Amino acid sequence: MPQETENFNDIRGAVQSLCSEFPGEYWRKLDAEKGYPTEFVEAVTKGGFLAVLIPENYGGSGLGLGAATAILEEIHKSGCNAAACHAQMYTMGTVLRHGSDAQKSQYLPMIASGNLRLQAFGVTEPSSGTDATRIKTTALKDGEEYIINGQKVWTSRVEHSDLMLLLARTSPREENKKRHKGLSVFLIDIREAVGNGLTIQPIKTMINHATTEVFFDDLRVSASSLIGAEGEGFKYILDGMNAERILISSECIGDARWFVKKAAAYAKEREVFGRPIGQNQGVQFPIAKAYAATEAADLMVKKAANLFDSGVSCGAEANMAKMLAAGASWEAADMCLQTHGGFGFAEEYDVERKFRETRLYQIAPISTNFILSYIAEHVLDLPRSY
Ligand SMILES: Cc1cc2nc3c(=O)[nH]c(=O)nc-3n(C[C@H](O)[C@H](O)[C@H](O)COP(=O)(O)OP(=O)(O)OC[C@H]3O[C@@H](n4cnc5c(N)ncnc54)[C@H](O)[C@@H]3O)c2cc1C
C-alpha cells in the first residue's frame, strides 16, 4: 500500500494567508530597489514558520521536513520568495546535530524566537567553485582564539543576519590523507566581526538576492565558535545538504505551480484571432506538460522528505528531487513567459521576475551536472568523473 503523505493543510492555509499580505507590487518594488524584504521575513519569523525544524525543547515546533517543504512551497506558490530567509530553517541543523550542549542552549532558543538571525552560510569561494575541499580560507588556532583569513563569494543574506556558519581550513590539504579532512565549521557573530576583520561587499545580480562577497583579514574569533570537532567540518556541511536540497526543491515546486496557474489563467482570458489563446493546442499542451512535470517532481520531493523524516538515508532521492523540481520550475517558467507573449516581458505581470528567480535553481545550491554525477557514481556505480 502506498504510504499516505500528510499534506499539512492547516500550515499551508496559514502561510497562504500571510503571503496574501505581500502581493506582486511588494516584490516588484523591492526588485527595482534591490531591497531586502524585511517586513516579509519578520512576518514569516513571527508566524514561527522558520522555526519548524527546531526541536520543541529549544523553542521550535519540532516538526519535520514535510512541514517545512509545505511552508516553502506555499510561499513560492503565492508569488513570494523565501530565498531571503530559507537558510534560517536549515543552517541551524549543523548546530543542532554537531554543536555542544552549551552552543545549542545558547543559540537555538534565540534562533527559534527570531531574536538571532542565522541566515548566512559561507562555503563557496571564488577560486574553488563547487570543489569545496579546495577552499583557501584558513582558521588558525592561536591560544583560545582562531585567526581567520580569506574570502568567500555568494555569501547571501550576511547583511541581514546576526550569525554566519563558516567553512574554513584548519590544516593544510596536503597534510590530510583524505581531501575532505582538515576543514572546520565555525559559528561567527557577524555583529562583532564587522569592522574587526570582516568586510562585506554586495554583488549586483540578475535577481534580488542580497548576496555578497566577504573578506576575512585577521578576524579573531573565540575557540568556542568551533562547531563539533576540528577537521571534521566538511562532513557536517554534507550532513545538512540533503535537507537543503529537499527544501529548495519545494520552492521550485511552488514556483512551478505559480507559473502553471498564471499561464492557464492568461490562456483562458487572452483572445487573439477571436478566440482564447488557450483553445489552441500549441498553447495548452505546454501548460499541460509543465503541470504533469510538476506533479511528477513533487512525488519525488515528498518521497525524499518522508525518507529524511524517517531517518532513512535519502541522498539519491534528495538529489533527484532537486534536479526534477528545478527542471519542472524552469520548464514552467519558460512556458509561462511564452504563453504571455510580449506581455511576459512587462514587469507588472511578475512573470519575468519569477522567471529570473527560478533560473537560479539550475545552479545553486548545487548545479544539475553534479546531481547527474552523483546519480551516475553513487546509484549506478559508474566510475567517478572528478
Ligand atoms: C544568487 C546566488 C546565491 C548563492 N548563495 C550562496 C550562499 O549563501 N552560500 C554559499 O556558500 N554559496 C552560495 N552560492 C554559490 C552556489 O552554491 C554556487 O554558485 C554553485 O554551487 C556553483 O558553484 P560555482 O558558481 O563556483 O560554479 P563552478 O563550480 O565554477 O561550475 C561552473 C559550471 O561548470 C560545471 N562544472 C564544473 N565542474 C564540473 C564537472 N566536473 N563536471 C561537470 N560539470 C562541471 C558546473 O555544473 C557549472 O555549471 C550562491 C550562488 C548564487 C548565484
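Indexing begins at 1, ligand by ligand and atom by atom, following the structure's order. Not measured: the values here are computed from a predicted model.
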Given the side-chain rings of Tyr386 and Phe370, with only the six-membered ring counted for Trp, is the space between their centroids under 6.0 Å? yes
Results of side chain to side chain donor-acceptor pair (under 3.5 Å) for Asn242 - residues two or more places apart only: none
The criterion is ring-ring contact (aromatic ring centres under 6.0 Å, His included); which residues satisfy it with Phe345, sequence neighbours excluded? none
Pairs under 3.5 Å, nitrogen or oxygen of ligand 1 with protein nitrogen or oxygen:
{"from": "ligand 1", "atom 1": "5 (N)", "to": "Trp154", "atom 2": "O", "distance (Å)": "3.0"}
{"from": "ligand 1", "atom 1": "5 (N)", "to": "Ser156", "atom 2": "OG", "distance (Å)": "2.8"}
{"from": "ligand 1", "atom 1": "8 (O)", "to": "Trp154", "atom 2": "O", "distance (Å)": "3.1"}
{"from": "ligand 1", "atom 1": "8 (O)", "to": "Ser156", "atom 2": "N", "distance (Å)": "3.2"}
{"from": "ligand 1", "atom 1": "8 (O)", "to": "Ser156", "atom 2": "OG", "distance (Å)": "3.4"}
{"from": "ligand 1", "atom 1": "9 (N)", "to": "Phe121", "atom 2": "O", "distance (Å)": "2.7"}
{"from": "ligand 1", "atom 1": "9 (N)", "to": "Trp154", "atom 2": "O", "distance (Å)": "3.2"}
{"from": "ligand 1", "atom 1": "11 (O)", "to": "Phe121", "atom 2": "O", "distance (Å)": "3.4"}
{"from": "ligand 1", "atom 1": "11 (O)", "to": "Val123", "atom 2": "N", "distance (Å)": "3.0"}
{"from": "ligand 1", "atom 1": "11 (O)", "to": "Thr124", "atom 2": "N", "distance (Å)": "2.9"}
{"from": "ligand 1", "atom 1": "11 (O)", "to": "Thr124", "atom 2": "OG1", "distance (Å)": "3.1"}
{"from": "ligand 1", "atom 1": "12 (N)", "to": "Thr124", "atom 2": "OG1", "distance (Å)": "2.7"}
{"from": "ligand 1", "atom 1": "17 (O)", "to": "Pro365", "atom 2": "O", "distance (Å)": "3.4"}
{"from": "ligand 1", "atom 1": "21 (O)", "to": "Pro365", "atom 2": "O", "distance (Å)": "3.4"}
{"from": "ligand 1", "atom 1": "23 (O)", "to": "Thr130", "atom 2": "OG1", "distance (Å)": "3.4"}
{"from": "ligand 1", "atom 1": "29 (O)", "to": "Thr130", "atom 2": "N", "distance (Å)": "2.8"}
{"from": "ligand 1", "atom 1": "29 (O)", "to": "Thr130", "atom 2": "OG1", "distance (Å)": "2.5"}
{"from": "ligand 1", "atom 1": "44 (N)", "to": "Asn369", "atom 2": "ND2", "distance (Å)": "2.8"}
{"from": "ligand 1", "atom 1": "47 (O)", "to": "Ser367", "atom 2": "OG", "distance (Å)": "2.5"}

Glu125: side chain to side chain donor-acceptor pair (under 3.5 Å) partners, not counting sequence neighbours: Thr137, Lys152
Tyr146 and Phe186: aromatic ring centres closer than 6.0 Å? yes
Would you kindly say whether Ser113 and Asn115 are connected by a side-chain donor-acceptor distance under 3.5 Å? yes
